[in-house]
Asks: 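Take this structure first; my questions come after.
As the structure is a prediction and not an experimental result, all values here were calculated from the model. Whatever order the structure lists them in is the order used to number ligands and atoms, beginning at 1.
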Amino acid sequence: MTRQAMRYGAVNLAQGFPDFPAPSEIKLAARRAVAGDVNQYAITWGAKNLRNAIARQMGVWQALTVDPETEITVCCGSTEAMISTLLAVSNPGDEVIIFEPFYENYGPDAVLSGARPRFVKLRPPSDNGGEWTFDERELRRAFAKHTKAIIVNTPNNPTGKVFTRVELELIRDLCTEFDVLAITDEIYEHILYDGTEHISMASLAGMRERTVTINGMSKTYSVTGWRVGWAVAPEKITNAIRKVHDFLTVGAPAPLQEAGAAALELSAGYYAKLAERYRSRRDHLMPALTAAGFKCFRPRGAYYVMTDISAFGFKDDVSFARYLVEEIGVATVPGSSFYNDPRDGALQVRFAFCKKPETLDEAARRLARLRRP
Ligand code: PLP
């Protein structure tokens with residue numbers, strides 16, 4: 001869709017990358033690292049400064065004690081952290097539970113690791129102030145003899161769902177009962193709205209030993225192109241992840257790891273401002289979408305709005321998204337990209353609002369041209 005957006009001169013609300021600058025402090029730290037000749041391979045599992053900063057932050061934000069020497073692997077983005085983890089922990093025939101709609105990589109990641117993805121539905125709310133929920137019995141049925149892991153992405157892309165403590169405890173109880181690992185993707189941990197709280201699965205009693213926590217710089221510091229992420233796991237699992245990571249990529253960019261260490265030193269005020277700015281962008285885009293005829297599912301975290309497109313009378317999400325990019329000049333992601341069975345997303349498209357106010361204004365102007373039958 002990003003390529004389509006470029007081809008048709010559309011406003012790109014498809015891919016989740018910011019169109020505004022990264023914090024100047026961290027750009028300065030990156031410049032300093034390059035000027036200081038941090039040019040060679042960092043230690044394969046991550047520069048010491050960055051690992052120390054990650055461990056410190058997990059203590060501050062989630063009261064977790066993490067050993068930076070034995071429990072952290074820095075990777076080329078959380079994307080690599082996820083595939084390295086799945087390759088490290090799964091054997092052929094294993095199953096990995098994935099809530100759907102899901103961030104597109106999880107299904108292919110499971111398959112590439114020789115595991116079978118098993119999907120559990122997140123159901124949209126019936127009213128636009130409600131929450132996406134899952135059925136407890138359906139989740140329980142998904143846990144089976146061959147289940148190796150469950151992937152939990154909170155705050156969630158694409159739904160904006162923030163899993164509650166009660167939901168996480170339910171997942172925890174099933175993981176314990178069936179001896180299953182939780183692999184959590186927490187890269188939107190600081191992008192929260194409406195008083196929601198981010199809870200790391202690893203902080204729940206009994207989960208520290210069976211959780212791999214994945215995070216990264218991309219979203220928190222608006223640097224999706226820097227490719228720095230990490231996996232935090234107990235030593236035994238970390239040893240396996242480090243081996244896979246070493247053979248896949250050797251290491252993440254060394255100077256940008258040093259800048260990462262500086263980023264993780266930013267004050268608490270930075271994170272409050274980040275969330276507040278995203279709330280303002282969400283509240284900028286959603287009324288424009290509603291006025292144009294979309295039904296919006298209000299996100300509680302992350303920077304996407306999932307919408308229902310039934311009002312427009314298109315045969316499916318892909319033809320609607322194509323019309324939107326070619327004729328209206330706004331790029332989105334068709335809902336079917338987030339489901340195993342494309343029919344489940346045939347009446348949805350996702351908008352990203354990690355954009356400057358003027359970009360959102362321009363999108364709103366264009367969307368006002370949409371006509372309903
Ligand atoms: N996980 C989720 C849920 C995402 O939405 C994204 C990017 O959109 C990623 C991971 C990719 O993160 P990274 O840039 O750290 O590889």
Asks: For the ring pair Phe338 and Tyr304, is the centre-to-centre distance below 6.0 Å?
Replies: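 Distance test on ring centres: not under 6.0 Å, no.
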Asks: Taking only heavy atoms of Asp185, which atoms of ligand 1 are found under 4.0 Å from at least one of them?
Replies: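 Answer, ordered by atom number: 1 (N), 2 (C), 3 (C), 10 (C).
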Asks: Number the atoms of ligand 1 from 1 as they appear, then name those within less than 4.0 Å of a heavy atom of Arg227, with their elements.
Replies: 13 (P), 14 (O), 16 (O)
Asks: Just say parallel, tilted or perpendicular for the rings of Tyr278 and Tyr303, cut-offs at 30° and 60°.
Replies: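 Tyr278 and Tyr303: tilted rings.
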Asks: Checking contacts here: is it the side chain or the backbone of Glu80 that comes within 4.0 Å of ligand 1, counting heavy atoms only? Could be both or neither.
Replies: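 It is neither; nothing of Glu80 touches ligand 1.
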Asks: Answer with side chain, backbone, both or neither: which part of Asn157 has a heavy atom less than 4.0 angstrom from an atom of ligand 1?
Replies: side chain
Asks: Does Gly216 have a non-hydrogen atom less than 4.0 Å from ligand 1?
Replies: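 Flag not set, Gly216 not near ligand 1.
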Asks: Is the Tyr271 ring parallel, tilted or perpendicular to the His190 ring (thresholds 30°, 60°)?
Replies: tilted
Asks: Can you see whether Phe134 has Lys161 sitting over its ring - NZ or CZ less than 6.0 Å from the centre and within 45° of the normal?
Replies: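 So Lys161 doesn't make the cation-pi contact.
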Asks: Enumerate the atoms of ligand 1 whose separation from the nearest heavy atom of Tyr188 is less than 4.0 angstrom.
Replies: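 In order of numbering, the contacting atoms are 3 (C), 4 (C), 5 (O), 7 (C), 8 (O).
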Asks: Any idea how Phe351 and Phe294 line up, ring-wise: parallel (<30°), tilted (30 to 60°), or perpendicular (>60°)?
Replies: perpendicular
Asks: With respect to atom 11 (C) of ligand 1, which of Thr79, Val228, Thr220 exhibits the smallest heavy-atom separation?
Replies: Thr79
Asks: Taking only heavy atoms of Gly77 into account, list the atoms of ligand 1 that are under 4.0 Å away from them.
Replies: 15 (O), 16 (O)
Asks: In terms of relative ring orientation, are Phe312 and Phe320 parallel, tilted or perpendicular, with 30° and 60° separating the classes?
Replies: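 Phe312 and Phe320: parallel rings.
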Asks: Is ligand 1 under 4.0 Å from a heavy atom in the side chain of Met82, in the backbone, in both, or in neither?
Replies: neither
Asks: Between Phe314 and Tyr323 (judged by ring centroids, cut-off 6.0 Å), do the two rings come close enough to count as a pair?
Replies: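 Between Tyr323 and Phe314, which both carry aromatic rings, the centre distance is below 6.0 Å.
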Asks: Heavy atoms only, cut-off 4.0 Å: how does Ser218 contact ligand 1, side chain, backbone, both, or neither?
Replies: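 Ser218 to ligand 1: side-chain contact only, backbone stays beyond 4.0 Å.
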Asks: Taking the six-membered ring for Trp, are Tyr339 and Phe102 closer than 6.0 Å centroid to centroid?
Replies: no
Asks: Could you check atom 7 (C) of ligand 1 against the protein and tell me its nearest heavy-atom contact, residue, atom and distance included?
Replies: Lys219 NZ, 2.9 Å
Asks: Hey, are Tyr103 and Asn156 close enough side-chain-wise for a donor-acceptor pair under 3.5 Å?
Replies: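 No, because no side-chain N or O of Asn156 sits under 3.5 Å from a partner of the opposite role on Tyr103.
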Asks: Short list, please: which atoms of ligand 1 are under 4.0 Å from a heavy atom of Asn153?
Replies: 3 (C)
Asks: If you measure from each non-hydrogen atom of Tyr304 to ligand 1, which part falls under 4.0 Å: side chain, backbone, both or neither?
Replies: side chain
Asks: Backbone, side chain, both or neither: what part of Tyr106 comes under 4.0 angstrom of ligand 1, heavy atoms only?
Replies: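 It is the side chain that touches ligand 1; the backbone stays farther off.
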Asks: In terms of residue, atom name and distance, what is the protein heavy atom nearest to atom 12 (O) of ligand 1?
Replies: Ser78 OG, 2.9 Å
Asks: Please write out which residues are connected to Leu87 in a hydrophobic cluster, directly or through intermediates, given that two of Ile, Leu, Val, Met, Phe, Trp, Tyr count as joined at side-chain heavy-atom separations below 4.5 angstrom.
Replies: Ile83, Leu112, Val244, Leu248
